[in-house]
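Quick notes on the structure that follows.
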Amino acid sequence: MLIHADADAFFVSVEVRDDPHLRGRPVVVGPQVVACASYEARALGVHAGMPLRHALRRWPELVVAEFRGETYESVSADLMALFREVTPLVEPGSMEEAFLDVSALDGGSVDEAGRIAADLRRRVRRELGLPVSAGVARAKLFAKLASRRAKPDGLVVVDADTEARVRPRLPVADLWGVGPMTAGKLHDAGIVHVADLCGWTVEALVERRIAKPQAKNLVAIRDGTDDATVKLPGPRKSVSSTISLGRPTRQRSRVRESLQHNVIRALDRLGDDPRPATRVDVHLRFDDGATLVSQGALEEPTRDPATLVGVALAALERTAYEDDGRGIVVAGVALALPA
DNA sequence: TCTGGGGTCCTAGGACCC
DNA sequence: TCTGGGGTCCTAGGACCC
């Protein structure tokens, strides 16, 4: 069986843990938009992604906690380490969530897997002071749906009968990996629920412009043979830094300055990782919402800041970014890393 | 009310080589 | 000289996730 363990309102929970008088209050964590909101804040209507200023104007009672990126990274490392004490088969999904394969421990019993998950939740609460919700099921999809259902601070166990009953009724738009684009294409094809996939082949879905891996996944979900494999994480493939420029700008010097800063910050974020960058990508976002990536090839892998900045600036120049009248609102770089 | 920042994976087209 | 087929690398862009 698999457990999907997911820390509730992670950033805020860390802040509440470290400053107990925040407990029970409508707390949000910035910096400029709401990165995370406590359940009390969500009850008011606050949600992630909302500009902080708007949220504060509407709900002056909100408490804003400082965003402490490095702290979250380190608590996340502790959380994953704790998961790995339960089983080495841990696949992190993000800073605050992971799939755990406990098949070797549960003797094939959902109930036993449920007990392991309950125990895990207690341990995280005791040792890290954080609320974690968990879902237990045969495969990833239902484990993830179950943990979502379990929030906040709960546990949901999905047995085979429940899974079989619920599966056909799942809206495809709710499936993990199906976003607005894919959902739209599926709806156009008359596919709204998993049951509607009956009769569809992978090829037929690909003809409707569904990406092949996506199509395979959908057919597997319909057939109940969807992914139950926990993949161990490899080394990360890129490290990036992007910073909002505030007001839209067309000043070359401001964008160049930001890229320089971002190169330094990305190198800094590399931390102990000794690998050199193999490419520098420049990311821009314009005030009409469009984004652009310009790749900067390196003659050889390097971590030399001056070289990386030079290549980033050259990549910027190739974009003709200042010629079309739009302003730039976000600039950033991503350093590609060798495997 | 489309805003932050950090990631992964997939596809398509062109260049180049055999 | 022309045509076909296959592989790999590079770049750009899209979709999705938290």
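Below, chains carry the letters A, B, ... as their sequence lines are ordered, and counting in each starts from 1.
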Please collect all salt bridge (charged side-chain N to carboxylate O under 4.0 Å, His left out) contacts where either partner lies in [range], sequence neighbours excluded, each pair once.
range: residues 230-248 of chain A; result: none
range: residues 20-44 of chain A; result: none
range: residues 163-179 of chain A; result: A/Arg138-A/Glu163, A/Glu163-A/Arg167, A/Arg167-A/Asp226

### Query
Same cluster for A/Val330 and A/Ile328 if Ile/Leu/Val/Met/Phe/Trp/Tyr side chains link at under 4.5 Å?
no

Under a 3.5 Å distance rule, please check whether [X] uses its side chain to pair with a backbone N or O of [Y] as donor and acceptor.
X: A/Thr162; Y: A/Val158; value: no
X: A/Arg222; Y: A/Leu197; value: yes
X: A/Asp287; Y: A/Gly327; value: yes

### Task
Just grab all the side-chain hydrogen bond (donor to acceptor under 3.5 Å, both in side chains) pairs involving residues 1-12 of chain A, residues at least two apart or on different chains.
A/His4-A/Glu97, A/His4-A/Ser147, A/Asp8-A/Ser133, A/Asp8-A/Lys151

### Message
Counting Watson-Crick and G-U wobble pairs with both distances under 3.5 Å, what is the dot-bracket string for DNA chain C, 5' to 3', using [ ] for crossing pairs and | for pairs to another strand?
### Response
....||||||||||||||

Counting only heavy atoms not in [X] (residues, nucleotides, ligands), do more than 12 fall under 6.0 Å from its [atom1]?
X: A/Glu257; atom1: CD; answer: no
X: A/Arg149; atom1: CZ; answer: no
X: A/Arg84; atom1: CZ; answer: yes
X: A/Glu61; atom1: CD; answer: yes

#### Entry: Salt bridge A/Lys185-A/Asp188, side-chain N to carboxylate O under 4.0 Å
no

### Message
I need the residues from residues 223-232 of chain A with at least one non-hydrogen atom less than 4.0 Å from DNA chain C; give them sorted by number, or say none.
### Response
none

#### Entry: Interface residues of residues 263-282 of chain A with DNA chain C (non-hydrogen, below 4.0 angstrom)
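Heavy-atom contacts with DNA chain C come from A/Arg279.
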
Pairs of donor and acceptor atoms involving the side chains of residues 100-111 of chain A, under 3.5 Å and at least two apart or interchain, shall be tabulated with distances.
unit_1: A/Asp101; atom_1: OD1; unit_2: A/Ser103; atom_2: N; d: 2.9
unit_1: A/Asp101; atom_1: OD1; unit_2: A/Ser103; atom_2: OG; d: 2.3
unit_1: A/Ser103; atom_1: OG; unit_2: A/Met1; atom_2: N; d: 3.4
unit_1: A/Asp106; atom_1: OD1; unit_2: A/Gly108; atom_2: N; d: 2.8
unit_1: A/Asp106; atom_1: OD2; unit_2: A/Met1; atom_2: N; d: 3.0
unit_1: A/Ser109; atom_1: OG; unit_2: A/Asp111; atom_2: N; d: 3.2
unit_1: A/Ser109; atom_1: OG; unit_2: A/Glu112; atom_2: N; d: 2.9

### Message
Let me confirm one number: the CG-CD1 distance from A/Leu170 to A/Ile221, rounded to the nearest 0.5 Å.
### Response
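Answer rounded to 0.5 Å: 8.5 Å.
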
### Query
Under the criterion side-chain contact (heavy atoms from CB on, under 4.5 Å), which of A/Val86, A/Val90, A/Thr87, A/Ile116 is the partner of A/Ile3?
A/Ile116

#### Entry: Check against side-chain contact (heavy atoms from CB on, under 4.5 Å), A/Arg208 and A/Leu186
CA-CA 8 Å; A/Arg208 307 293 294 222; A/Leu186 291 170; over 6 Å; no

Is [X] touching bases, backbone alone, or none of the nucleic acid, heavy atoms closer than 4.0 Å?
X: A/Arg58; answer: nothing
X: A/Val178; answer: sugar-phosphate
X: A/Gln295; answer: base
X: A/Ala334; answer: nothing

### Message
Does anything in residues 41-56 of chain A come within less than 4.0 Å of DNA chain B? Heavy atoms only, and list the residues if so.
### Response
A/Gly49, A/Met50, A/Pro51, A/His54

#### Entry: Contact residues, residues 233-240 of chain A to DNA chain B [heavy atom, < 4.0 Å]
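A/Arg236, A/Lys237, A/Ser238, A/Val239, A/Ser240 - these, ordered by number, are the residues of the stretch whose heavy atoms sit under 4.0 Å from the strand.
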
### Query
Pairs in or reaching into residues 65-84 of chain A: which pass ring-ring contact (aromatic ring centres under 6.0 Å, His included), with residues at least two apart or in two chains?
A/Phe11-A/Phe67, A/Phe11-A/Tyr72, A/Phe67-A/Tyr72

#### Entry: Range on DNA chain C touched by chain A - first to last nucleotide, heavy-atom distance under 4.0 Å
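Span of nucleotides near chain A: C/dT11 to C/dC18.
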
### Task
Starting from the 5' end of DNA chain B, give me the residue, A/Val329 or A/Pro213, whose nearest nucleotide shows up first.
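With A/Val329 and A/Pro213 compared, the 5'-side residue is A/Val329.
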
